[in-house]
Amino acid sequence: MTPQEIFERHIWTGMTGNAEMRANLYAQDGVYEAPLAPENGTVPRRLEGRDALRAGFTEMHRLAQSDPRKADMPNSHLVLHTTSDPDVFIAELDAAFENAATMSLLQIYRLHNGEIVLMRDYFDPNTFN
């Protein structure tokens, strides 16, 4: 899969709440990190391995369902940057919401054999409070 396809599947599985499919985009020992998230916050700082990813994504999707904001896709923006390393790409995302502030994220993906081995998700942790 291309970086664009991997990113689109990662976003789609997040938006549809399919934690199983989202976890399966990662290598067996894949890692999700949110370095700016507070310890013991609603978003985990680190999930490692598919079982932990599946459980963590399930909880993140459960919390997202109670979020009253509605996505404003036409006003959301994405820039995908490839790098000199074909297994690394960066996504800049400004997720717009109806009647709410835009949430900006920067995500760094590291791949191996078409699977995510590490994804670092940088965002304002106050967005989820």
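As the structure is a prediction and not an experimental result, all values here were calculated from the model.
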* Asked: Honestly curious: do Met119 and Leu80 fall in one hydrophobic cluster under the side-chain, below-4.5 Å linking rule?
  ->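 Yes.
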* Between Leu106 and Val31, is there a shared hydrophobic cluster once you connect ILVMFWY residues whose side-chain heavy atoms come closer than 4.5 Å? ->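 Each belongs to a different hydrophobic cluster.
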Find out whether [X] and [Y] are in side-chain contact, i.e. whether some heavy atom of one side chain is under 4.5 Å from a heavy atom of the other.
{"X": "Phe7", "Y": "Thr2", "value": "no"}
{"X": "Tyr109", "Y": "Gln107", "value": "yes"}
{"X": "Asp121", "Y": "Leu105", "value": "yes"}
{"X": "Phe123", "Y": "Val43", "value": "yes"}
{"X": "Pro44", "Y": "Met60", "value": "yes"}

* **Results of side chain to side chain donor-acceptor pair (under 3.5 Å) for Asp51 - residues two or more places apart only** =>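 Partners of Asp51 by the side chain to side chain donor-acceptor pair (under 3.5 Å) criterion, ordered by chain and then number, come out as Arg54.
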* From CD1 (Ile11) to OG1 (Thr16), nearest 0.5 Å -> 11.0 Å
* To do: To the nearest 0.5 angstrom, please state how far the OG1 atom of Thr42 sits from the CZ atom of Arg62.
  => 10.0 Å
* Just wondering, more than 12 heavy atoms not from Met1 lying within 6.0 Å of its CE? -> yes
* What's in the same ILVMFWY side-chain cluster as Trp12, cut-off under 4.5 Å, chained through other members? ->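 ILVMFWY cluster around Trp12 also holds Met21.
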* Asked: Which ring pair (Phe, Tyr, Trp, His ring centres under 6.0 Å) pairs, counting each pair once, include a residue from residues 25-54, with sequence neighbours left out?
  -> His10-Tyr26, Tyr26-Phe57, Tyr32-Phe57
* Heavy-atom closest contact (Ala23 atom, Leu53 atom, distance) -> CB-CB, 4.1 Å
* To do: Sorted by first residue and then second, give each salt bridge (charged side-chain N to carboxylate O under 4.0 Å, His left out) pair with at least one member in residues 37-48; sequence neighbours left out.
  => Glu33-Arg46, Glu39-Arg45, Arg46-Glu48
* Return each pair, listed once, that meets salt bridge (charged side-chain N to carboxylate O under 4.0 Å, His left out) where at least one residue sits in residues 99-118; pairs must be two or more places apart or across chains. =>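 Sorted pair list: Arg50-Glu115.
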Mind listing the side-chain donor-acceptor pairs of residues 84-103 below 3.5 Å, one per line with the distance, residues two or more places apart or on another chain?
| residue | atom | partner | partner atom | Å |
| --- | --- | --- | --- | --- |
| Asp85 | OD1 | Asp87 | N | 2.8 |
| Glu92 | OE2 | His81 | NE2 | 2.5 |
| Asp94 | OD1 | Ser104 | OG | 2.5 |

* To do: Using the side chain to side chain contact (heavy atoms under 4.5 Å, CB included) rule, pick out the option among Thr13, Ile6, Leu111 that qualifies with Leu25.
  => Thr13
